[in-house]
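Quick notes on the structure that follows.
Just so we're on the same page: letters track the sequence lines, and every chain starts at 1.
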Amino acid sequence: MIAQLRLAWRLQRWEITFVAVACLGLAAVAWWLTLDMRSILATCGATAEAAGAASCTVIYAFQESHGAPVQLTQMAISYVPFIAGLVIGVPIVAREMEQRTALIAWPLAGSRLRWLAWRSLPPFLLVLVLSSVVAVAADQLMHAYFPRSDIGFYQYADRGVPLVMRTLLMVVAGIAIGAVIGRTLPALLGGIGLSVAVSAGLEVALPHWVPSTELTLAEVVDAGPGSLNTDVKYRTPEGELVDADAGQSMVEAAFAADSNSEPDPSTMPAEVIYGIAAGRYDEVVMRESAAIGLGIVGMGAIAAFAVKGRRAG
Amino acid sequence: MMATLLRLTWRMQRWEVAVLVGGTLLLAALAALVAWQTAVTTARLTACYVDAAGGPLSPDCRSLIGWGNILTEAGPILVGATAVVPFVVGLLLGAPLVSRELEKRTAPMAWSLSRSRSRWLAIRVLPLLVALTVALLLLGQASESLILAAPSNNELGFRVFAMHGPLVAVRGVATFCIGLLVGLVVGRMLPAILVTGVLAIVLVAGVTFWRGELMRAEAAWVPNSGEGDFSGILVYDQAFLDAATGERLPFDTVFERYPDVFGPTGSGIPPGMSLASLVTPPERYPVFVAREMGVLLLVSVLAGGATLWLLRSRRPDLG
């Protein structure tokens, strides 16, 4: 394994250095911001007992003082899965095919699949470690930014396990696309397109991993920014559920009927929000991770088939 | 001979040219289409409201509102993409151009077959540079049409800096030239792309910071002529102008001097005074665009010159 790690380093030292510096740098910035926000809270006496202090109880306690750096750091971290995944994954097979060194390496390895496994495993593990460091730092950053909230699905893809899973998926997808196309730059372009598709696809799929339910007021407002809202409906005083447009029309009609006074709330339709409560974060993460895991296996299979099916000449 | 060399350049880079230049042209066509449709839809909706004369709109007109909303949402996305595309295209076309040949070690043979290395570089670079410039100029122009066609916020100014016009192409050319130089120095494709990407970010951050500092330094006090007359413009400070003395008074001083004016029944403007804002005058916008274009063209020329000089002095056996 040491020999494989050394080989991976020799072949990809530029890429590994770039990804490592970027990941560790971002993690360091995220930790610094986290500790800074926590020290501010500590100095204002914001322990659980002192939760009543006005300056320490607002949800957006750090928006003014730390908002811009936190958002900038979070935005940079959101690109980590795609940049790290492609920069490390794409050249593993593509460059060896482009430079025709694969023709020598494959017979020497005995089996192409063994060669692929040994060439892919060290960078895969390296990215796993680096992305985990970033994911933990980003998670702590968000917890520090919303100190008294269940952050649930807020910045879901950009921290914690989802970030690590996305990074691993993109590494294997990069390897697969490099193996299929066989040239680094076209594979990189294809990988950028695939990144957009993966990002958009997972975002669209997110509300569907578990069924949405009617959220209580506490789940929507009191818990902070963490719930994943999927739909808004209105419940009429008779108990019938109507869609948002119909409900808003009824509210407008009630106000228009008597412009001099507020309508009686009991005659008005009530807003009903559907979604996934922040407390179900772990359940969603498990299901999504399982699906991404299948995606990783699928991409790995594509890479294996592509390497195995390539003509030796 | 020239046709053969051009064909060779195309064969070596058809993927990148097709995807990057083709993608840019596609984006330009899409922006032009949205601009045209936005103008047509806005005119038709205006006619609808005139015909309705305050009454309900016809079903056709109501369906136009939905289409208009789609166009209004698409506009800022396309204009925003115009700011990013030059860097992506310049980076992915420029950085691999020389580095790939060095990495594959085909450069030494190509140099020995060519009359001179400069000629070899020119044949590789010029067709791409022309294609890139034309595509980005078209994109910049299409984006400009899109900004002007928007129903609101449709002025060309600091709000849409580098999202329209020839500056889009100049940014792409500068990134391309930096990529060429980095590719030659690094000699490996993917590292060259990464280093150029970092340098492009540094360049953008640098010119943005420099522009911000210049805008602040050249800001002038301009009397407010009406409500919302500085919408979309960065206002650095505000004060009251005393018409009698010509003195500029800060808010705090005026608040203390005229407490009643700022009370619940006050007008908010003391007698004999008017509000003024410290802003970079909007008419200075073309100067800032020209300055940035000048700096970026200088960077391009320097990077191109350095590439040529390094290429001539590189040892053939090292590629």
Residue part contacting chain B, namely of [X], when any heavy atom lies under 4.5 Å:
X	result
A:L189	side chain
A:V87	both
A:I181	side chain
A:Q99	side chain

[X], [atom1] atom: more than 12 neighbouring heavy atoms under 6.0 Å:
X	atom1	answer
A:R13	CZ	no
B:W210	CH2	yes
B:Y49	OH	no
A:Y79	OH	no

Chain A interface, residue from B:L190, B:V19, B:L20, B:V186 that has the most non-hydrogen pairs under 4.5 Å: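 Looking at each of B:L190, B:V19, B:L20, B:V186 in turn, B:L190 comes out on top.
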
Leading residue by heavy atom contact count with chain A [cutoff under 4.5 Å; candidates B:I193, B:L194, B:V198]: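 Ranked by contacts with chain A, first place is B:L194.
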
Full working for side-chain contact (heavy atoms from CB on, under 4.5 Å) between B:V88 and A:I192: CA-CA 11 Å; B:V88 176; A:I192 292 170; 5.6 Å; no

Under 4.5 Å from any heavy atom of chain A - which part of B:P96: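 Only the side chain of B:P96 comes within 4.5 Å of chain A.
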
Approximate separation, where rounding is to 0.5 Å, of A:L188 CG and B:M189 CE: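 A:L188 atom CG to B:M189 atom CE measures 8.0 Å (nearest 0.5 Å).
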
A:E98/B:E103 under side-chain contact (heavy atoms from CB on, under 4.5 Å): CA gap, chis, key distance, verdict: CA-CA 10 Å; A:E98 198 168 22; B:E103 192 171 17; 5.8 Å; no

